[in-house]
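These notes concern the structure reproduced below.
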Amino acid sequence: MINRREFLKSASLAAGAVSIPAVVSSTVLGQSGRAAPSNRIVMGCIGVGWQGGGNMNSFLNENDVQVVAVCDVDKNHLNQARERVNKRYGNQDCKGYGNFREVVSRKDIDAVSLGLPDHWHSIPAIAAATNGKDIFGEKPLSHKFAEGRAMCEAVKRYGRIWQTGSWQRSKSNFRFACELVLNGRIGKIVKAEVGLPAGHTDFGKTKGQETPGPAPGHLDWNF
Ligand SMILES: NC(=O)c1ccc[n+]([C@@H]2O[C@H](COP(=O)([O-])OP(=O)(O)OC[C@H]3O[C@@H](n4cnc5c(N)ncnc54)[C@H](O)[C@@H]3O)[C@@H](O)[C@H]2O)c1
């Protein structure tokens with residue numbers, strides 16, 4: 001069966017044969033370093049705060065990925081993420097959503113990246129799997145064991161691919177260190193020392209906001 005790339009190539013050749021100017025760009029034909037649209041993984045990024053936003057930036061750097069949707073209950077995070085996607089692709093095509101269900105029900109989306117708080121890992125993941133999406137989901141897998149089991153069962157039942165985003169388990173330098181240990185290259189391990197950063201880092205700039213107040217207008221707190 002002819003694929004979309006071959007179809008476009010033959011269509012533009014046919015157009016040339018009857019002297020119609022070819023208007024199909026090199027990007028569409030997969031000749032500009034970007035995979036052809038038919039060969040790209042179409043993605044939605046749900047939860048685009050700290051880690052989810054960073055993961056989205058990494059997906060934007062992959063030539064065979066096209067991010068078409070971003071979703072967040074915080075309009076500030078949502079708008080920043082959408083602007084980043086549109087700037088990267090040089091268009092205004094990325095759609096923004098406040099409800100993840102609208103993203104996972106989009107037929108054109110192949111996979112989703114979930115960068116949500118721990119207590120929101122399971123329901124969107126199960127909804128994504130049920131809707132036939134592959135999933136990159138942040139660690140920890142789930143907040144509760146029962147949620148984790150339900151997520152695994154949904155991924156299995158709908159034949160989806162799941163990857164847990166846990167970069168200290170998958171980045172090449174960590175992996176290399178594990179393999180040195182597992183293969184006995186540094187001898188028998190008798191002691192392990194763990195170094196952790198001390199204290200608390202105020203990533204969210206929440207210092208001084210300990211007193212409860214009304215939810216800010218840009219946040220859909222009830223959702
Ligand atoms: N892999 C790592 O090294 C690493 C590092 C930091 C965090 N994490 C994990 O990433 C996840 C997110 O952490 P973070 O630090 O990015 O938090 P964050 O608060 O910066 O980001 C979470 C985002 O999700 C949005 N959100 C919350 N509920 C939502 C909902 N129902 N629908 C849509 N959007 C919603 C928030 O508005 C926010 O933008 C956590 O599970 C955390 O454990 C992983």
Side-chain angles (χ1 to χ4, degrees), residues 43-62 65 67 70-85 87-88 98 100 111-126 128 135-152 155 162-223:
M43 287 196 65
C45 295
I46 302 172
V48 282
W50 181 266
Q51 188 66 26
N55 292 345
M56 186 191 82
N57 290 342
S58 300
F59 286 121
L60 288 175
N61 287 330
E62 296 293 329
V65 166
V67 176
V70 290
C71 172
D72 205 292
V73 290
D74 183 326
K75 281 207 179 68
N76 289 350
H77 291 178
L78 179 72
N79 292 336
Q80 283 162 12
R82 189 171 39 193
E83 274 167 29
R84 277 208 304 279
V85 175
K87 191 169 170 207
R88 163 74 177 88
F100 67 87
V112 291
S113 166
L114 305 179
L116 296 159
D118 300 357
H119 62 279
W120 264 112
H121 284 191
S122 61
I123 293 174
I126 293 167
I135 306 155
F136 178 89
E138 265 307 326
K139 61 89 195 160
L141 180 71
S142 65
H143 188 47
K144 302 208 163 127
F145 291 125
E147 291 174 340
R149 285 268 29 106
M151 290 160 77
C152 292
V155 165
W162 169 279
Q163 183 179 355
T164 302
S166 194
W167 61 271
Q168 292 198 18
R169 297 291 177 279
S170 49
K171 273 193 84 164
S172 57
N173 51 341
F174 292 99
R175 191 65 225 158
F176 181 58
C178 288
E179 288 184 10
L180 289 179
V181 173
L182 290 172
N183 291 310
R185 294 297 178 97
I186 64 168
K188 186 171 157 47
I189 309 291
V190 291
K191 181 179 169 189
E193 280 188 20
V194 177
L196 291 172
H200 168 67
T201 307
D202 188 16
F203 288 119
K205 307 267 180 286
T206 53
K207 188 163 185 267
Q209 296 180 31
E210 292 85 357
T211 312
H218 56 85
L219 180 69
D220 184 354
W221 172 255
N222 288 333
F223 193 104

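Computed over heavy atoms, backbone and side chain alike; hydrogens, waters and symmetry mates excluded.
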Report yes if the side chains of Cys45 and Asn55 come closer than 4.5 Å at any heavy-atom pair, otherwise no. no

Relative to each other, are the rings of Phe100 and Trp120 parallel, tilted or perpendicular (30° and 60° limits)? perpendicular

Leu114 vs Glu138, side-chain contact (heavy atoms from CB on, under 4.5 Å): CA-CA, chis, key distance, verdict: CA-CA 6 Å; Leu114 305 179; Glu138 265 307 326; over 6 Å; no

Which is it for Val73 and Leu219 under the side-chain contact (heavy atoms from CB on, under 4.5 Å) test, yes or no, and what are the steps along the way? CA-CA 6 Å; Val73 290; Leu219 180 69; 4.1 Å; yes

Within the side chain of Glu147, is there an N or O that forms a donor-acceptor pair under 3.5 Å with the backbone of Lys144? yes

Step by step, would you call Leu141 with Cys152 a side-chain contact (heavy atoms from CB on, under 4.5 Å)? CA-CA 10 Å; Leu141 180 71; Cys152 292; 4.2 Å; yes

Rounded to the nearest 0.5 Å, what's the gap from CG on Asp72 to CE on Met56? Could you check? 10.5 Å

Looking at Pro140, is its backbone amide N or carbonyl O close enough to the side chain of His121 to form a donor-acceptor pair, meaning the two atoms are under 3.5 Å apart? yes

Mark yes or no for whether Gln51, through its side chain, and Gly47, through its backbone, hold a donor-acceptor pair below 3.5 Å. no

So, the side chain of Asp74 versus the backbone of Asn76: is there a donor-acceptor pair under 3.5 Å, distance only? yes

Is a side-chain donor or acceptor of Glu179 paired with a backbone partner of Ala177 at a separation under 3.5 angstrom? no

Using 0.5 Å steps for rounding, measure from the CZ atom of Arg82 to the CG atom of Asn79. 5.0 Å

